[in-house]
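For reference, the structure discussed in these notes is given below.
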Amino acid sequence: MVEAPDRKELKKLELFEKGLAREIKTGDTIEAAITKMVRMALAAEFGASLVAAKGARPMVESITQAIMGDAKLRKQALVIIGRFANE
């Protein structure tokens, strides 16, 4: 049985979605959009300070490349990106 998300989880999801709506542009490359999505997910889950930290870049790049290299994950990411991309 799947549990309903609690308030904290809903707040994280809301933060993630607002960040994507603000950052994702229709002119972004797929890799740039996925990178933004990864950054937003990490910021929503762990805080913006983690993403801003000096050592976070290799982690973001590694996650982005893992998504780019997996057809199923890439397709899922593109669905999310398509939902939030704006001019």
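- Taking R57 as the reference, E61 meet the salt bridge (charged side-chain N to carboxylate O under 4.0 Å, His left out) condition, with sequence neighbours excluded.
- Applying the salt bridge (charged side-chain N to carboxylate O under 4.0 Å, His left out) criterion to K25, with sequence neighbours excluded, gives no partner residue.
- Pairs of residues two or more places apart, or lying in two chains, never qualify as side chain to side chain donor-acceptor pair (under 3.5 Å) while including a residue from residues 72-82.
- The side-chain hydrogen bond (donor to acceptor under 3.5 Å, both in side chains) check on D70 picks up nothing, with sequence neighbours excluded.
- Looking at K12, its side chain never comes within 3.5 Å of a backbone N or O of A44 through a donor-acceptor pair.
- Using a distance-only test at 3.5 Å, with no hydrogens or angles considered, a donor-acceptor pair links the side chain of N86 to the main chain of A21.
- The shortest distance between side-chain heavy atoms of E14 and L10 does not fall below 4.5 Å.
- Chaining together hydrophobic side chains whose heavy atoms lie under 4.5 Å apart places I67 alongside L13, F16, L20, I24, I30, I34, M37, V38, M40, L42, F46, L50, V51, M59, V60, I63, M68, L73, L78, I80, I81, F84.
- Residues meeting the salt bridge (charged side-chain N to carboxylate O under 4.0 Å, His left out) test with E31, sequence neighbours left out: none.
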